[in-house]
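Note sheet for the following structure.
Throughout, residue positions are numbered sequentially from 1 according to the sequence presented. As the structure lists them, so they are numbered: ligands from 1, and atoms in each ligand from 1.
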Amino acid sequence: MAELAYLDNAATSFPKPEAVHEAVDRVARRCAVNPGRGGSELAHEAGELVDGLRRRLHVFFGNPAADSARLVFAANATDALNTAIAGVCGPGDHVVSTRLEHNSVLRPLWELERRGVLTHTLVPGDGAGFIDPADVAAALTPSTRLVILNHASNVLGTIQDAAAVGRMCREHGVLFLLDASQSAGLIPVDMDAFGVDLLAFTGHKGLMGPMGTGGLAVGPDVAVDPTRWGGTGVRSAHRGHLEQYPWRLEAGTLNLPGLAGLAAGLTWIEQSGPAVLLAEERRLAANLISGIEALGGVRTWCAGADERHLAVVSVTVDGMESDEVGTRLDVDHDVIARTGLQCAPLVHEDLGTVDVRGTVRFGIGPFNTDEHILRTLAGLGECAEAARSRRG
Ligand SMILES: Cc1ncc(COP(=O)(O)O)c(C=O)c1O
């Protein structure tokens with residue numbers, strides 16, 4: 001079997017740097033005990049690991065006016081987004097978000113609207129995968145409490161102007177929640193510079209950490225009410241859950257080996273240089289896009305390899321459903337892509353790609369090579385040819 005060409009890094013980065021595996025293994029064997037629960041040396045070591053990473057991510061995401069305790073860990077970005085949305089919105093509140101969002105934003109909004117907790121408006125993209133901040137401003141109402149923006153589309157790779165949306169939110173006194181699931185670790189995500197009040201991130205994509213890691217960074221002037229209550233390891237006699245961060249939003253046992261891996265992933269990207277990693281991924285994306293244009297019969301959707309795009313390329317093959325393209329790439333070429341709606345159904349409704357069962361998405365990562373792209377192009381060429389011959 002040829003070496004696997006894993007091009008689904010927008011779902012989760014794979015493989016991870018060796019240092020990530022080593023850190024997970026080392027901590028699982030050495031000090032995977034509950035931090036803060038008990039005064040043992042091991043509990044202290046575990047606590048240092050968690051708080052050290054907390055401080056590093058707090059700086060990494062540019063939240064200097066807040067206490068680093070306001071960076072709380074979560075199971076993933078979905079968990080963090082749910083905590084943020086349900087934790088700041090109450091009855092009568094209105095939320096503005098976009099049609100480029102992932103289901104981890106859309107479904108909480110739909111569910112909370114169904115329960116009568118909030119109402120919301122979804123701003124459409126401009127047809128090229130970008131949100132015009134003026135459209136977000138136009139959707140605000142006197143009851144708008146929160147604006148939620150997907151920093152980079154997981155279907156199209158398009159990067160939004162988060163700073164412009166943040167400025168607009170500040171002017172209108174509205175909270176700004178940024179979903180940095182795709183962007184964190186690849187492009188600067190700076191809460192202070194962008195005017196972000198709440199930042200949701202995941203650890204297992206661009207930050208190169210293990211699955212089951214992520215978090216929410218909370219700005220200095222934001223009150224997020226807990227949506228879960230439970231053990232914190234401190235002041236256990238109290239009947240109420242702790243109001244102080246991080247315990248306020250962190251209940252239960254953390255994924256310590258996972259967080260050790262995330263710390264190693266962060267070190268790896270800092271040493272490699274996010275800009276260097278992204279430049280190489282964009283070079284491969286540019287080759288993929290130009291190769292596709294030369295093939296004929298394969299269409300890219302809002303693709304680009306410039307500074308407004310991450311290395312995420314969605315395609316369709318004329319006359320062949322995306323599932324079949326994905327299967328042919330996998331079975332015949334050992335190329336792994338992501339087919340379907342990629343948990344962002346409204347993007348596909350707007351592109352008109354629902355009828356062909358979504359797109360085939362290539363998410364290029366730091367371990368992809370020129371050979372992976374050439375193999376992908378060969379596979380797409382075969383699909384286009386098969387579809388042509390079927391049509392006769
Ligand atoms: C834009 C975006 N938001 C949120 C998520 C959810 O991330 P997680 O799977 O870590 O919950 C993803 C994952 O695909 C995503 O791409």
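Cation-pi contact between Arg308 and Phe130: present, with separation from the ring centre below 6.0 Å and deviation from the ring axis of at most 45°.
Nearest-heavy-atom check against atom 12 (C) of ligand 1 across His102, Arg338, Glu101 picks out His102.
The shortest contact between atom 7 (O) of ligand 1 and any protein heavy atom is with Ala77 CB, 3.5 Å. Of all protein heavy atoms, the one closest to atom 9 (O) of ligand 1 is His204 NE2, 3.6 Å. In terms of protein heavy atoms, atom 3 (N) of ligand 1 is closest to Asp179 OD2, 2.6 Å. At the shortest separation from atom 6 (C) of ligand 1 among protein heavy atoms lies Thr78 OG1, 3.5 Å. When hydrogens are left out, the protein atom nearest atom 16 (O) of ligand 1 is Gln182 NE2, 2.7 Å; that is the closest non-hydrogen contact. Distance from atom 10 (O) of ligand 1 to its nearest protein heavy atom, with residue and atom name: Thr202 OG1, 2.5 Å.
The pair Asp51-Arg54 meets the salt-bridge criterion, with a side-chain N (NZ, NE, NH1 or NH2) lying under 4.0 Å from an Asp/Glu carboxylate O. The existence of a salt bridge linking Arg357 and Glu324 is excluded, since no basic side-chain nitrogen approaches an acidic carboxylate oxygen closer than 4.0 Å.
The closest approach between Gly214 and ligand 1 stays at or above 4.0 Å for every heavy atom of the residue. In this structure, Lys205 counts as a contact residue of ligand 1, since one of its heavy atoms falls inside 4.0 Å of the ligand.
Of all atoms in ligand 1, listed by their number and element, those nearer than 4.0 Å to a heavy atom of Asn150 are 1 (C). In the vicinity of Asn154, heavy-atom distances shorter than 4.0 Å reach the ligand 1 atoms 1 (C), 16 (O). Within ligand 1, counting atoms from 1 as listed, the ones closer than 4.0 Å to a heavy atom of Ser104 are 3 (N), 4 (C), 5 (C), 6 (C).
Residues passing the salt bridge (charged side-chain N to carboxylate O under 4.0 Å, His left out) test with Glu113, sequence neighbours excluded: none.
A 6.0 Å sphere centred on OH of Tyr245 holds more than 12 heavy atoms belonging to other residues, nucleotides or ligands.
Remark: of the listed residues Asn9, Thr376, Val312, Ile373, Ile373 is the sole one forming a side chain to side chain contact (heavy atoms under 4.5 Å, CB included) with Ile364.
Residues Val360 and Ile336 are members of separate hydrophobic clusters, defined by side-chain heavy-atom contacts under 4.5 angstrom among Ile, Leu, Val, Met, Phe, Trp and Tyr.
Counting heavy atoms from C-beta outward, Cys89 and Val95 have side chains that approach closer than 4.5 Å.
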